[in-house]
Amino acid sequence: MMYNNTTPFTEIQSGDPAVFIDQTIANQLENLALANLNQSPLVANRLLEEIDRATILSRAELPPDIITIGSEVTFRDNATGNVQTVTLVMPTEADITRHRISILTPVGAALIGIGKGETIWWQIHDHEIRELTIREVVTHDDSAPKPNKDAIPHECI
């Protein structure tokens with residue numbers, strides 16, 4: 001689904017890995033992407049596309065090897081062979097010196113919701129396509145996204 005006139009480099013293809021997103025952050029991620037359409041259309045559209053095609057699950061239903069906010073992810077850059085470990089975070093918590101990457105980066109938007117063993121692509125700023133393979137995903141219980149205090153409790157729905 002497109003949200004503005006900026007066309008992403010490539011459309012989501014049927015061969016892309018399945019995406020699973022924690023329902024406690026799905027709306028927050030969508031609002032964040034929509035708020036950044038003018039500043040970072042490529043990244044914002046990629047994040048919106050990932051949310052659109054995602055299966056939204058409760059935190060308890062989310063498989064343990066699925067990347068979410070707070071997950072520590074080890075991946076291999078298939079072009080360079082480099083392996084690195086990063087933590088996927090919200091923009092305000094990003095700190096590259098501590099290997100904490102924002103969901104509003106090309107790789108951050110590509111990582112959300114996929115699992116160990118999957119291979120994904122993302123486009124860097126000079127239109128180069130990069131591909132990486134997820135080797136490990138660790139999500140600590142204390143890094144779980146906090147529910148939005150304004151959200152309606154599940155038992156009230």
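Basis for what follows: all heavy atoms, side chains included, without hydrogens, waters or symmetry-related copies. What you see is a predicted model, and the numbers here were worked out from it, not measured in a lab.
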I101 vs V73, side-chain contact (heavy atoms from CB on, under 4.5 Å): CA-CA, chis, key distance, verdict: CA-CA 10 Å; I101 62 166; V73 183; over 6 Å; no
T74: partners by side chain to side chain contact (heavy atoms under 4.5 Å, CB included), with sequence neighbours left out: V83, T85, R135, E136
Counterpart residues, side chain to side chain contact (heavy atoms under 4.5 Å, CB included), relative to A26 (two or more places apart): I21, I56
Nearest-0.5 Å distance, CG of residue L29 to CG of residue L104: 8.5 Å
From R76 atom CZ to T133 atom OG1, the distance as rounded to the nearest 0.5 Å: 7.0 Å
E61: salt bridge (Lys or Arg N to Asp or Glu O under 4.0 Å) partners, not counting sequence neighbours: none
Salt bridge (Lys or Arg N to Asp or Glu O under 4.0 Å) involving E131 - partner list, sequence neighbours excluded: none
From T87 atom OG1 to I67 atom CD1, the distance as rounded to the nearest 0.5 Å: 11.0 Å
Within one Ile-Leu-Val-Met-Phe-Trp-Tyr cluster: I134 and I69, side-chain cutoff 4.5 Å: yes
Residue pairs, two or more places apart or on separate chains, that pass salt bridge (Lys or Arg N to Asp or Glu O under 4.0 Å) and touch residues 36-45: none
Apart from V89 itself, residues in the same hydrophobic cluster as defined by side-chain heavy atoms under 4.5 Å: none
Output side-chain donor-acceptor pairs under 3.5 Å for residues 105-114, partner residues at least two apart or in another chain, one line each.
unit_1: T105; atom_1: OG1; unit_2: S102; atom_2: O; d: 2.8
unit_1: T105; atom_1: OG1; unit_2: G108; atom_2: N; d: 3.0

Reported CG-to-CD1 distance for the pair L34 and I51, which is rounded to 0.5 angstrom: 8.0 Å
Results of salt bridge (Lys or Arg N to Asp or Glu O under 4.0 Å) for D77 - residues two or more places apart only: R130
Under the side chain to side chain donor-acceptor pair (under 3.5 Å) test, residues paired with T80 that sit two or more places apart: N82
Any L132 side-chain heavy atom under 4.5 Å of T119 side chain: no
Residues that P63 engages under side chain to side chain contact (heavy atoms under 4.5 Å, CB included), provided they are two or more places apart: L57, D65, I66
Ionic contact status for R46 with E50, cut-off 4.0 Å: yes
Side chains of R59 and T139 in contact at under 4.5 Å (non-hydrogen atoms): yes
Side-chain heavy-atom pair I103, L47 within 4.5 angstrom cut-off: yes
Residue pairs involving residues 86-112 (criterion salt bridge (Lys or Arg N to Asp or Glu O under 4.0 Å); sequence neighbours excluded): E93-R100
Pairwise side-chain contact, F20 with T68, heavy-atom cut-off 4.5 Å (strictly under): no
